[in-house]
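What follows is a set of notes on a single structure, which appears directly below.
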Amino acid sequence: MLSTILDITYLLSALGFVLGMQRLSSPDTARRGNLLATVAMSVAILATLIYPFENAPNNYLWIILSMIVGGAIGWIAAFRVQMTQMPQMVSIFNGLGGACAVALAMVELVLAGQQGGATYGQMAILLSALLIGGVSFSGSLLAYAKLEGRVKDANITFNGHNIFNLVLLAATLGLAVWLGMQADTVPTGLAIGLMVLSLVYGFSFVAPIGGADMPVVISLLNSFTGLSAAAAGLIYGNQIMLIGGIFVGASGTILTVLMCQAMNRSLLNVLIGSFSSAGGSTQKGQGDQVVKEITYTDMAIQMYYAKRVVFVPGYGLAVAQAQKMCKELDDLLSENNVEVFYGIHPVAGRMPGHMNVLLAEADVPYPKLLDLEEANDKLGDTDLAVIIGANDVVNPSAEDDPGSSIYGMPVLQVWEAKNVVVLKRSMRPGYAGIQNPLFFHTKTKMLFGDAKASLQELVTAVKSL
Amino acid sequence: MLSTILDITYLLSALGFVLGMQRLSSPDTARRGNLLATVAMSVAILATLIYPFENAPNNYLWIILSMIVGGAIGWIAAFRVQMTQMPQMVSIFNGLGGACAVALAMVELVLAGQQGGATYGQMAILLSALLIGGVSFSGSLLAYAKLEGRVKDANITFNGHNIFNLVLLAATLGLAVWLGMQADTVPTGLAIGLMVLSLVYGFSFVAPIGGADMPVVISLLNSFTGLSAAAAGLIYGNQIMLIGGIFVGASGTILTVLMCQAMNRSLLNVLIGSFSSAGGSTQKGQGDQVVKEITYTDMAIQMYYAKRVVFVPGYGLAVAQAQKMCKELDDLLSENNVEVFYGIHPVAGRMPGHMNVLLAEADVPYPKLLDLEEANDKLGDTDLAVIIGANDVVNPSAEDDPGSSIYGMPVLQVWEAKNVVVLKRSMRPGYAGIQNPLFFHTKTKMLFGDAKASLQELVTAVKSL
Amino acid sequence: MKIGVLKETNDRRVSLTPASIPKLSTQGFEIFVEQDAGSDAGFADARYEEAGAKVMDRTSLFNQASIISSIHPLSSAELAKLQAGTNLIALFEPFNDPEISESLKKQELIGYSMDMIPRTTLAQSMDVLSSMASIAGYQAVLLGAFQLPRYLPMMITAAGSIRPATVLVLGAGVAGLQAIATAKRLGASVEAFDVRQAAKEEVQSLGAKFIEVEGAKDDSDAGGYAVEQSEDFLKRQRAKVQERAAKADIIITTALVRGRKSPILLPASTVEQMKPGSVVVDLAASGGGNCELTQNGKTIQAHGVTIIGNSNLATEMPEVASTLFSNNLVNYLKLFVQEGQWAPDPENEIIKASRIA
Amino acid sequence: MKIGVLKETNDRRVSLTPASIPKLSTQGFEIFVEQDAGSDAGFADARYEEAGAKVMDRTSLFNQASIISSIHPLSSAELAKLQAGTNLIALFEPFNDPEISESLKKQELIGYSMDMIPRTTLAQSMDVLSSMASIAGYQAVLLGAFQLPRYLPMMITAAGSIRPATVLVLGAGVAGLQAIATAKRLGASVEAFDVRQAAKEEVQSLGAKFIEVEGAKDDSDAGGYAVEQSEDFLKRQRAKVQERAAKADIIITTALVRGRKSPILLPASTVEQMKPGSVVVDLAASGGGNCELTQNGKTIQAHGVTIIGNSNLATEMPEVASTLFSNNLVNYLKLFVQEGQWAPDPENEIIKASRIA
Amino acid sequence: MDLIIEFFQNNLLLIYLLLFTIILGFEVISKVPTVLHTPLMSGANAISGVVIIGAIILVRQAAAEDYFSLGIGCLGIILGMINVVGGFAVTDRMLEMFKKRK
Amino acid sequence: MDLIIEFFQNNLLLIYLLLFTIILGFEVISKVPTVLHTPLMSGANAISGVVIIGAIILVRQAAAEDYFSLGIGCLGIILGMINVVGGFAVTDRMLEMFKKRK
Ligand SMILES: NC(=O)c1ccc[n+]([C@@H]2O[C@H](COP(=O)([O-])OP(=O)(O)OC[C@H]3O[C@@H](n4cnc5c(N)ncnc54)[C@H](OP(=O)(O)O)[C@@H]3O)[C@@H](O)[C@H]2O)c1
Ligand SMILES: NC(=O)c1ccc[n+]([C@@H]2O[C@H](COP(=O)([O-])OP(=O)(O)OC[C@H]3O[C@@H](n4cnc5c(N)ncnc54)[C@H](OP(=O)(O)O)[C@@H]3O)[C@@H](O)[C@H]2O)c1
Ligand SMILES: NC(=O)c1ccc[n+]([C@@H]2O[C@H](COP(=O)([O-])OP(=O)(O)OC[C@H]3O[C@@H](n4cnc5c(N)ncnc54)[C@H](O)[C@@H]3O)[C@@H](O)[C@H]2O)c1
Ligand SMILES: NC(=O)c1ccc[n+]([C@@H]2O[C@H](COP(=O)([O-])OP(=O)(O)OC[C@H]3O[C@@H](n4cnc5c(N)ncnc54)[C@H](O)[C@@H]3O)[C@@H](O)[C@H]2O)c1
């Protein structure tokens, strides 16, 4: 009777996980989905706590204390962390989950040793949990350190690292298989050895992967943790752990693949080809200055949830004939109550009134067009300035570099906005032929490509929000 | 060993069903999905045929003959049927599936009776299969007859039909429960009675539902068939039947709900509220002439897969200021290699050149604009003429009704095209104040609503293809 | 059927162009064209001859033709020279010249006035008033824009930002709507005004703003023509116009009420308030003008405002105007021919409405 | 710092408008304005006085002002009346009038020629050539469209379908680009032509079609100004132009090469082939014209084509032209003032380039 | 009550499986475009013909002289076969029009 | 080999369940917009903290003086709890920005 109730509770929790994840995959419902999963987890934990095991010592004091300590640490960490450091945090959390699986597997291995052996099936399960959990743990910690910038790639990689990894992997698996054969004795020492090996492998596996690829790796390690939880579920014959773990393992894997696709790379390329391309995909250096790129979706989010966005069109808008696309984006944003203005610099384009002609053609209402002064007044209180094929007219050298050929010309002070995104095709200069420090500004991100194509992508991205 | 192979085969088939359905839900992969499901089904059937049951008489001759007969009938029927009659065909097929379940259940009930009873569990399963299958069978056949126009609603419904249905349902269920109690004897006569009752209920359940709602009902009955198959699967302890049936039951149900949503109605409304709204949603009479409406998606498909589409803009395009939306649709179609032209009648709009002004504003290239004679030359070889807020200029009375005030005026002969869709808000006449027989033409379908809004919906619909 | 095409005395247009001649010939017409008839519109005599017409002097044309086509009617002196029974097709404007009908009848001439063709959908292909009004509306904007000492579109330039000019169109008939469309194209802010109830939607259908004045008389029975409005209404309208006009850079007025004096929509007091340099183009000048200060056929300066009174702007685009007129005429003449013979059906709605003598 | 603003003798514009006066006053300028200086542009003397300027006659102005601003330079007769050391700001056009520099120096006058301001991004806010060219391009289209006896946009009407007119723009500098934009707005099919390599992209950036002729000389070092092209190139270009021009309804030419005779892009033989009624607007008339038949300052008819030679169309929009000129002038004057004192930095690139005496 | 608990105990995994199958059914269908409603219905219908397997098992195991079972079983096979073959064929015909141009 | 067949026979339903869970996992995630990649990863990570349940069971069943099991078990609970609580909380914070305007 009671065990049926426990089963049903677990069943409901499992449903909660699945439905929670399902909801998490759409922006509208994501928050509710997370809540649902949280509730499901709480219910499962609570049920596990109060279900009366026969003759169990229970040790409630230990448990409650541990839970309070762990919960408090997690809670505080989650609220202390800055938005930009979220991926690191997730990575740590994930590693700890893996460590938990390792702990369980070790205890059970030791107990099995003491109780005189286990079946082969049990051994397979225990060793998988140990191995996968271990890789996940050490790998996640290294990923964290990398994202935090605490380790430099150069210090932890060496020539032939990939080959070393293969050898290490083979050794680890070999040891695991051999250990599995010893089901009747379960040598504890070797089990500890396997644990160490798996930790080393996890570390070594992540070491050569480039910083920009870390989110993919974290997602992959996350699905590892899921699998180790599932294995632990098998140890205890516990369905919720099994289902939850498998589910996370599966969705984590597909998520990893999706993330790779979003970066236009294959998973293999991320894991193996990492040496050659390390960091290459996100940075285009210019001397020692660094240019940051932004993805369509990130930009779409920034725009969509902004209060005020100022578009700064330039000659590139005209060349790309992107005025109508620009209007379409404007319409989409305006529908979401984003205030959209156009900052028109007097010499933008190649003839007086060039931007006016184009924007009138696209039916942008006149009151949205701000001239230099009006725009500069508004820019300070703007969340995002989007520079669409403009260059000279947003060049800060005009204000701060007396050596510049345009020093003294009033320009649009887009850097006063909270964020700046520049849409252009390359790092080439504009009409005046001078370099633009705006592109290297801390607030600036670049979106390379033909302005019309980029705006089209942004329209699609905003629509999908 | 062999039974493991059978299990694995079934497992793979089940996967095939799931993945097939998944693929079926996206236009790009739908055909492959269907193929996958077909293969899965064939494999499952084949495996069932050759698996060596212990001491089974096999009766292969009977089986093969039946399969050939059934297969041939199904195949021929599928290829004889016209595109427009597909829903009817699906309905029949579905009914036959239900009948098959009924047959199985009856046989097993009789056998159980002969063998001296069954467990309550078995009874519950058998009776469910019988009941659900029966409803599905007779309901589907009636749905078929309705769609074919072979029965008139008035002949098979009466006042208080809904209440009668409730009573009938209660009686049927009551009998089923009572029969279930007789697990130890399994009285065959009563079982036959239950079968008859379920058939009557299926018929009576579908009877009051309006012709336009038939697809929804068919989908619902389809999920019933799935459930009855699942029940049959339980009878035989056969996983593929169970999984396949449940899966169809679930997806059929959600599909039913989606179809209701697409019609902007609730399922309950379709099933119960059917008396009041019978047929009302698709027809707007005008005297004894009947106007046919079209849905956005149907129209989107017609356009997207057409060779040539001619837009005929009129004053309504101007009023709705829909010119840019029209251009967007044009662009989408052109991308798919649909030839798009604009037929411009000399007096369309309210001033000479009205359409030219608007379409130039939307950047429609001049060569796409055809004047009266050019357009009439092309219309004969046009798949779809889309009339966007035009009326007088496409009025056939000008050619064939000497009493009309515009008799003798040359008009755009849109009725020469293979299909005509008219976008306007109502049945109101245009400037000349005269009725337009085009709207009642056999080739014509109406899409009511503001032209801009309608075009927006069409753009969305075309994009989702 | 011998049709003669006259050279206009005071107009660069011509009522029939060479391109139309084959269309008439195949119907059985013989065409005579006065010397130099189309030269101002860009159609040399040679092109008429190539197309199959005979070019001759006015007197021989008068002697030979049984149907005479022109844009403006003949002077009474010339009418006297014609043989009885001659068919005359022109814009007689009987509303403005009520005696014309009598004087034609006296001389036993048959008169068809193309401006009397009903404004129905069916008659559109012969509706010269629409064709000409459309040209006038277009030209009015070009003329006004050229005269205006300011830009029409908005311009943000290194030498300062220029706000778009406001164009106010009074009377949104065919000419008014075309003016609205043209001004919108040039980037102006366009507002418009009319007393017809349908006008609001029509104006908005071109993306312009409609200025509403309540209480207009219903005109749905007037066959499309504007009806005269009550004094109170006109007063309120004038007030509103005054308010908007003070802000307008170009005002184009088109409210011509046939047979009556044009309503005054812009009194002198309003003009006084306008910005210096602004322009008024009054297409209703021939009926006295919608602006109190308008002088028909003249461009004057008043209170710093340029006021152009011109109801005949179509003549400034003689080539296209002649082409359209000619097409309308050909479509009109089709009504008169039965199996190659001149046989106008007196019961035909269009012929009935346009026959004035 | 006393600056005097002259009334132009042959131009409706004025070099400083009332709106600019406060901007100068705050910098320490005292402003004298000649009587009636702005009246043709719509700026009455009263408005200058309200803004803080002193209105006076020309002679007193000559006596009091140490800086004299005008659009066109003074006649040599008047130069003689000035005190030595007076600063003159105007469009001296030293390329066209090479002696001017000498004659100023002889009289110990200091001359700043605003047309010599470099065409750099930095100097845009004082670039009067751009401001004026922009107006000219806009006006050229309005003028051409009004003169054309046809519609610019396409029109499908009950009286026939009218194809859009073709506008050909030769020389896609500032004026040319503005002409392209304006003609596109009016619905014409626009084609354009230039020898600068960047022009193709610029033309296309306005949605018009660029007609390519291969082999243009590279001009990227010429500071933005056009360089003269080889004879062979010009020949091939002429052939191509001839081909397109025969089909054009309006041709607007803007290829002015400063200090040289304007290149002939439209020889008489081409004009002959054009459709009667077509219009040529030659903005390069002052340099002899890009059309062989152009007469500077005149509108002539040749082979049925109207040829308008006018390099000074900006003066037809005196209000906005004056406003822009005035803004440019104010921005230019800022370079000369150091802490309220007239202290031009001789090393400043812009001052250096524009000082001619 | 006990019956139900017992059933639950014995069939826990089956219940999980059924629930997940249902969710999967929902999930697979939920984002389908309206255009595909009819073909999808048709495809699902063909799959529901899986009931034929029961009929085959029935006939294979029926004694050769048990004409009742044989008759009804064969009827079931015929009906099921029509459902399966016709269903997939009709679906395929409907889907033909989604063939990509270009 | 026999072992595997036997395992398969005994755990048929479990295997179905696992397969379906995997498909479900794929299906649920496959249409997720890029924006949600990180929050989704974070949410999945929190769920993988379900392993804590194992730790709880371990500790509850450990003998009171089995300090090895107790110690490691409690460590497991602490780690798991951090994962679960921190994971869900962080996810929620990330998702805050999707709050609807209007
Ligand atoms: N307004 C006038 O009257 C006038 C006349 C002549 C010259 N100018 C000068 O022109 C300049 C105007 O400034 P601006 O900021 O508008 O233009 P700009 O400084 O010339 O910069 C335009 C930028 O647009 C980018 N671009 C070009 N085509 C693009 C495309 N298809 N998609 C995306 N980006 C594209 C180019 O970068 P990529 O190549 O990397 O894409 C370029 O850096 C000033 O220096 C001004 O003085 C103005
Ligand atoms: N071209 C000219 O110079 C000129 C000048 C004056 C008059 N006319 C006359 O105007 C007529 C022109 O013919 P036409 O076919 O263009 O127009 P029409 O015959 O007047 O018909 C326009 C149709 O558009 C529909 N409509 C209006 N607003 C709409 C909206 N927002 N969305 C969708 N549909 C809308 C109306 O139906 P619902 O109300 O049901 O939506 C109406 O039936 C001719 O009779 C012509 O003679 C022409
Ligand atoms: N059936 C057709 O296809 C067709 C074609 C062209 C014109 N028409 C109709 O013919 C009619 C006449 O057109 P038109 O352009 O020759 O008109 P019009 O020249 O007679 O008048 C011009 C406009 O001025 C308006 N007006 C009159 N008095 C006014 C006042 N006091 N204040 C403001 N506005 C005033 C009128 O309402 C009209 O819109 C219109 O109704 C038009 O729709 C029909
Ligand atoms: N930095 C800025 O912001 C800015 C602003 C305005 C102008 N400019 C530059 O200044 C320069 C001069 O502009 P402008 O409008 O005064 O030019 P312009 O009046 O000197 O010449 C007009 C155009 O005619 C072209 N042309 C010359 N000879 C030709 C020939 N034989 N055939 C065809 N075309 C010929 C020129 O290339 C030029 O485009 C341009 O390069 C322009 O980009 C720069």
Looking at [atom1] of [X] and [atom2] of [Y], how far apart are the two atoms once the value is rounded to the nearest 0.5 Å?
{"X": "Ile53(E)", "Y": "Leu104(B)", "atom1": "CD1", "atom2": "CG", "answer": "11.0 Å"}
{"X": "Ser66(B)", "Y": "Ile78(E)", "atom1": "OG", "atom2": "CD1", "answer": "4.5 Å"}
{"X": "Ile82(E)", "Y": "Ile73(B)", "atom1": "CD1", "atom2": "CD1", "answer": "4.0 Å"}

Restricting to non-hydrogen atoms, name the atom on [X] and the atom on [Y] that form the minimum distance, rounded to 0.1 Å.
{"X": "Ile243(B)", "Y": "Thr21(E)", "answer": "O-CG2, 4.0 Å"}
{"X": "Phe79(B)", "Y": "Ala89(E)", "answer": "CE1-CB, 3.8 Å"}
{"X": "Gly25(E)", "Y": "Ile254(B)", "answer": "O-CG2, 4.1 Å"}
{"X": "Arg60(E)", "Y": "Thr48(B)", "answer": "NH1-O, 2.5 Å"}
{"X": "Val51(E)", "Y": "Ala232(B)", "answer": "CG2-CB, 4.0 Å"}
{"X": "Ala229(B)", "Y": "Val50(E)", "answer": "CB-CG1, 4.1 Å"}

When heavy-atom pairs shorter than 4.5 Å are enumerated against chain E, which of [options] gives the highest number?
{"options": "Ala103(B), Gly233(B), Ser223(B), Gly71(B)", "answer": "Gly71(B)"}
{"options": "Thr256(B), Val107(B), Ile240(B)", "answer": "Val107(B)"}
{"options": "Pro57(B), Ala99(B), Ser13(B), Ala56(B)", "answer": "Pro57(B)"}
{"options": "Met106(B), Met41(B), Gln22(B), Arg23(B)", "answer": "Met41(B)"}
{"options": "Ile92(B), Val18(B), Leu35(B), Leu49(B)", "answer": "Leu49(B)"}

When heavy-atom pairs shorter than 4.5 Å are enumerated against chain B, which of [options] gives the highest number?
{"options": "Val59(E), Asn45(E), Ile52(E), Ile57(E)", "answer": "Asn45(E)"}
{"options": "Leu14(E), Val85(E), Ile47(E)", "answer": "Ile47(E)"}
{"options": "Ile56(E), Leu17(E), Ile23(E)", "answer": "Ile56(E)"}
{"options": "Ser48(E), Ala46(E), Gly49(E)", "answer": "Ser48(E)"}

Below 4.5 Å from any heavy atom of chain E, which atoms of [X] appear? Answer side chain, backbone, both or neither.
{"X": "Ser26(B)", "value": "backbone"}
{"X": "Met89(B)", "value": "side chain"}
{"X": "Tyr10(B)", "value": "side chain"}
{"X": "Val81(B)", "value": "both"}
{"X": "Asn238(B)", "value": "side chain"}
{"X": "Glu108(B)", "value": "side chain"}

If we ignore hydrogens and angles and just use 3.5 Å, is the side chain of Arg31(B) paired with the main-chain N or O of Arg93(E) as donor and acceptor?
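Not at all, since once roles are kept as given, no pair shorter than 3.5 Å links the two residues.
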Show every donor-acceptor pair shorter than 3.5 Å between a side-chain atom in residues 68-77 of chain E and any protein atom, with sequence neighbours excluded, or say none if there are none.
residue  : atom : partner  : partner atom : Å
Ser69(E) : OG   : Asp66(E) : OD1          : 3.4
Ser69(E) : OG   : Asp66(E) : OD2          : 2.6

Under 3.5 Å, side-chain donor or acceptor atoms of residues 35-44 of chain E against the rest of the protein: list the pairs with distances, not counting sequence neighbours.
residue  : atom : partner  : partner atom : Å
Ser42(E) : OG   : Thr91(E) : OG1          : 2.8

Under 4.5 Å from a heavy atom of chain B, the part of Val84(E) involved
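Side chain only.
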